Asker: 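Sharing a structure here in structure tokens format.
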Amino acid sequence: MDADTARERILAAVRAIPRGRVAGYGEVARRAGLPGRARLVARILSSNDDPALPWHRVLRSDGRIAMPAGSAGWREQGRRLRAEGVEVSAGRVRMPAQAPDEGLDALLWGPGPGA
DNA sequence: GCGGTGACTGACA
DNA sequence: CTGTCAGCCACCG
């Protein structure tokens, strides 16, 4: 597929993250049908201009905010996440692994529109 | 074409 | 826990 299609899919995957939930760059890439393209996801978000895109729900694989700690974007992301009820401490989000009752996939994406 | 860079990641020490 | 390393890939000078 071409670069434009890839971007569309990635943006769609990001938009699919439910409010109050988070997903990793690699996870988003995988959901977009582009496994291993975490860096592409990061690049897309960094150049994104859509104010409606929930970019703040995308985190690094270790649960930490990807931007430089203390930067404006870093603070903004933490603020938006907490505003949605996501627990954030020291720039880190509580990962789904701490809630073993449900599958990781279900926790990340929930029932979603397809269920 | 080439090397540097980055909102990345998993493996290892 | 922190650091280093090799992959990764689009973009830029």
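Per chain, numbering begins at 1; letters A, B, ... match sequence-line order. This is a predicted model, so every value here is computed, not measured.
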Asker: Just jot down the side-chain contact (heavy atoms from CB on, under 4.5 Å) partners of A:E8, sequence neighbours excluded, or say none.
Answerer: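 Once residues adjacent in sequence are excluded, A:E8 has no partner under the side-chain contact (heavy atoms from CB on, under 4.5 Å) criterion.
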Asker: Tell me if a side-chain donor or acceptor on A:E27 pairs with a main-chain N or O of A:V58 at a distance below 3.5 Å.
Answerer: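 Checking the backbone N and O of A:V58 against the side chain of A:E27, no donor-acceptor pair under 3.5 Å is found.
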Asker: Taking only residues at least two apart or on different chains, which pairs with a member in residues 37-50 of chain A satisfy side chain to side chain donor-acceptor pair (under 3.5 Å)?
Answerer: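 Non-adjacent pairs meeting side chain to side chain donor-acceptor pair (under 3.5 Å): A:R15-A:D50.
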Asker: Using atom P of each nucleotide, how far apart are C:dG7 and B:dA7 to the nearest Å?
Answerer: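 One P to the other, the span is 23 Å.
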Asker: Kindly list each side-chain donor-acceptor pair under 3.5 angstrom involving residues 66-75 of chain A, sequence neighbours excluded, with atom names and distances?
Answerer:
{"from": "A:S71", "atom 1": "OG", "to": "A:P68", "atom 2": "O", "distance (Å)": "2.8"}
{"from": "A:S71", "atom 1": "OG", "to": "A:W74", "atom 2": "N", "distance (Å)": "3.2"}
{"from": "A:R75", "atom 1": "NH1", "to": "A:G70", "atom 2": "O", "distance (Å)": "2.3"}

Asker: Could you work out, with salt bridge (Lys or Arg N to Asp or Glu O under 4.0 Å) as the rule, every residue matching A:R79, not counting sequence neighbours?
Answerer: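 Here the qualifying residues are A:E76.
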Asker: From CD1 of A:I10 over to P of B:dA7, roughly how many Å is that when rounded to an integer?
Answerer: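 Those two atoms, CD1 and P, are 16 Å apart.
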Asker: Where do A:V88 and A:Q77 land on the side chain to side chain contact (heavy atoms under 4.5 Å, CB included) test, with the steps shown first?
Answerer: CA-CA 10 Å; A:V88 184; A:Q77 183 161 11; over 6 Å; no
Asker: Pull out every residue in residues 74-88 of chain A that has a heavy atom closer than 4.0 Å to any atom of DNA chain C, ordered by number, or say none.
Answerer: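 Output list: empty, so none.
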Asker: In residues 48-57 of chain A, which ones come under 4.0 Å of DNA chain C, going by heavy atoms?
Answerer: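 Those residues whose heavy atoms fall under 4.0 Å from DNA chain C, taken from residues 48-57 of chain A, amount to none.
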Asker: In whole Å, what is the span from the CG atom of A:L34 to the P atom of B:dT9?
Answerer: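 These atoms are roughly 15 Å apart.
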Asker: A:R82: which residues meet the salt bridge (Lys or Arg N to Asp or Glu O under 4.0 Å) condition with it, sequence neighbours left out?
Answerer: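 Partners of A:R82 under the salt bridge (Lys or Arg N to Asp or Glu O under 4.0 Å) test: none.
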Asker: Excluding sequence neighbours, so at least two apart, what forms salt bridge (Lys or Arg N to Asp or Glu O under 4.0 Å) with A:D4?
Answerer: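 For A:D4, the residues satisfying salt bridge (Lys or Arg N to Asp or Glu O under 4.0 Å) (neighbours in sequence not counted) are A:R7.
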Asker: Is there a donor-acceptor pair closer than 3.5 Å between any side-chain N or O of A:R31 and the backbone N or O of A:A13?
Answerer: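 Checked: no pair found.
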Asker: Check nucleotides 9-13 of chain C against the protein and report each pair of N or O atoms closer than 3.5 Å, with its distance, or say if there are none.
Answerer:
{"from": "C:dC11", "atom 1": "OP1", "to": "A:R43", "atom 2": "NH2", "distance (Å)": "3.3"}

Asker: What's the shortest heavy-atom distance between A:V28 and A:A23, and which atoms?
Answerer: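 So the two residues come closest at CG2-CB, 4.2 Å.
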Asker: Which pair of non-hydrogen atoms, one from A:G20 and one from A:V86, has the smallest distance, and what is that distance?
Answerer: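 That closest heavy-atom pairing would be O-CG2, 3.4 Å.
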Asker: From CG of A:L45 over to P of B:dC8, roughly how many Å is that when rounded to an integer?
Answerer: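 Distance check: A:L45 CG to B:dC8 P gives 10 Å.
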Asker: Please list each protein N or O that sits under 3.5 Å from an N or O in nucleotides 10-13 of chain B, with the distance.
Answerer:
{"from": "B:dG10", "atom 1": "OP2", "to": "A:S61", "atom 2": "OG", "distance (Å)": "3.4"}

Asker: Of all the heavy-atom pairs spanning A:R21 and A:E84, show the shortest one and how long it is.
Answerer: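 Smallest heavy-atom distance, with atoms named: N-OE1, 4.5 Å.
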Asker: Apply side-chain contact (heavy atoms from CB on, under 4.5 Å) to A:R92 and list each qualifying residue two or more places apart in sequence or on a separate chain.
Answerer: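 A:R92 satisfies side-chain contact (heavy atoms from CB on, under 4.5 Å) with A:R64 only.
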Asker: How far does CD1 of A:I17 sit from NE2 of A:H56, to the nearest 0.5 angstrom?
Answerer: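 Answer for the CD1-NE2 pair, A:I17 versus A:H56, is 9.0 Å.
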Asker: How would DNA chain B look in dot-bracket form, 5' to 3', counting Watson-Crick and G-U wobble pairs with both distances under 3.5 Å and writing | for bases paired to another strand?
Answerer: .|||||.||||||
Asker: Rounded to the Å, how far apart are A:R30 CZ and C:dC8 C1'?
Answerer: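 Atom CZ in A:R30 sits about 17 Å away from atom C1' in C:dC8.
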Asker: Would you say that A:I65 contacts A:L59 through its side chain, given a criterion of any heavy-atom pair below 4.5 Å between the two side chains?
Answerer: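 Answer yes - side chains close enough.
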